[in-house]
Amino acid sequence: GTKITRLTDPSDGWGTTMRRHAYATHSPVNRDGSMVLIQGEGPWHVYDAKACKVIKEIPNAIGDIGSPRWDPKDPDLCYYADVRGTRLMKFSVKTGDVTVVHDFKKDFPEMKWLGYHSYDDPSFDGRYWGFGIMDCKFWDERGKALAVVVYDMKEDKIVGQHAADH
């Protein structure tokens with residue numbers, strides 16, 4: 001038979017709110033299988049895949065919009081869109097350090113927030129990322145987008161963009 005193990009535990013300090021893997025198109029498991037990303041009501045958490053314990057809370061990665069993605073090479077790092085913000089962030093589970101990879105506000109001064117959802121994914125090698133450059137209230141998914149862009153993380157620049165129709 002198949003063994004099923006519950007990873008989360010209501011007594012772990014995170015409470016009894018819903019916890020899940022956000023979307024079927026990306027893996028919640030890091031490169032070496034040691035950690036898992038879990039979404040709940042509020043910030044994302046990193047769990048130890050073997051001990052089934054919370055390791056860290058990812059600062060300002062909240063809900064569908066903040067949906068983190070593991071680095072394809074380094075099992076310690078993940079990237080996410082800063083909730084209600086304009087920045088792509090890098091998070092180290094080991095150190096807890098959060099650094100800005102790119103602030104899209106410098107490219108689009110009029111933008112309000114960076115659109116990135118749980119169903120979006122970077123390229124397989126983690127180099128290219130697609131984002132919506134939003135000019136509406138946060139969480140208004142049907143609001144105005146200024147543009148859709150492709151960002152090259154290696155070169156730290158936008159390599160493609162298309163103006164939004166609405």
Side-chain angles (χ1 to χ4, degrees), residues 1-102 104 113-132 134 138-143 145 148-154 159-160:
T2 302
K3 180 181 176 184
I4 298 174
T5 302
R6 180 180 174 157
L7 187 64
T8 62
D9 181 348
S11 69
D12 65 10
W14 197 7
T16 58
T17 61
M18 181 261 326
R19 301 169 211 189
R20 68 185 180 113
H21 167 54
Y23 207 74
T25 61
H26 70 90
S27 175
V29 181
N30 69 341
R31 179 162 176 85
D32 66 6
S34 64
M35 294 181 274
V36 179
L37 293 167
I38 301 290
Q39 177 187 10
E41 300 292 329
W44 282 72
H45 288 74
V46 179
Y47 272 75
D48 181 307
K50 293 180 179 71
C52 301
K53 300 283 184 199
V54 176
I55 300 173
K56 291 263 186 350
E57 180 178 292
I58 303 175
N60 221 21
I62 297 174
D64 200 32
I65 304 299
S67 191
R69 296 293 185 274
W70 289 111
D71 186 279
K73 295 180 181 128
D74 187 335
D76 176 56
L77 300 177
C78 66
Y79 302 90
Y80 63 96
D82 193 19
V83 73
R84 296 181 185 92
T86 60
R87 304 173 303 174
L88 176 63
M89 310 300 290
K90 177 172 70 173
F91 177 69
S92 167
V93 179
K94 193 179 306 175
T95 65
D97 291 342
V98 178
T99 54
V100 176
V101 175
H102 188 85
F104 290 85
W113 58 282
L114 188 63
Y116 187 76
H117 293 273
S118 63
Y119 45 78
D120 296 329
D121 280 315
S123 60
F124 187 71
D125 62 359
R127 180 174 178 174
Y128 299 101
W129 294 68
F131 296 106
M134 308 304 291
F138 181 72
W139 226 255
D140 183 4
E141 294 184 20
R142 289 178 284 286
V148 177
V149 301
V150 175
Y151 169 72
D152 181 337
M153 190 183 296
K154 181 178 177 183
V159 294

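Sequential numbering from 1 along the given sequence is applied to the chain's residues.
Residues that satisfy the salt bridge (charged side-chain N to carboxylate O under 4.0 Å, His left out) test with D152, not counting sequence neighbours, are R127. Under the ring pair (Phe, Tyr, Trp, His ring centres under 6.0 Å) criterion, F131 pairs with F104, Y116, sequence neighbours left out. By the side chain to side chain donor-acceptor pair (under 3.5 Å) test, T99 is found to be paired with no residue, residues two or more places apart in sequence or in another chain being considered. Applying the side chain to side chain donor-acceptor pair (under 3.5 Å) criterion to S92, with sequence neighbours excluded, gives D76, T95. Residues passing the side chain to side chain donor-acceptor pair (under 3.5 Å) test with S34 are N30, D32, sequence neighbours excluded. Residues satisfying the side chain to side chain contact (heavy atoms under 4.5 Å, CB included) criterion with V29, sequence neighbours excluded, are S27, V36.
Note: F91 CZ to D71 CG = 14.0 Å, rounded to the nearest 0.5 Å. Within the model, atoms SG of C78 and CH2 of W44 stand 9.5 Å from one another, a figure rounded to the nearest 0.5 Å. Between the NZ atom of K53 and the OH atom of Y47 there is a distance of 9.5 Å, given to the nearest 0.5 Å.
The backbone N or O of G85 lies less than 3.5 Å from no partner atom in the side chain of R87, so there is not a single donor-acceptor pair. In terms of modelled atom types and a separation under 3.5 Å, the side chain of Y79 and the main chain of V101 share no donor-acceptor contact.
Side chains of Y151 and H102 form a contact here, defined as non-hydrogen atoms less than 4.5 Å apart. You'll find the side chain of W70 stays beyond 4.5 Å of the side chain of L77, heavy atoms only. Side chains of V100 and M89 form a contact here, defined as non-hydrogen atoms less than 4.5 Å apart. In this structure, L37 and V46 have side chains that are in contact, with non-hydrogen atoms separated by less than 4.5 Å. Residues Y80 and V98 meet the side-chain proximity criterion, which asks for heavy atoms closer than 4.5 Å.
Using a cut-off of 4.0 Å between Lys/Arg side-chain N and Asp/Glu carboxylate O, D74 and R31 are scored as not salt-bridged.
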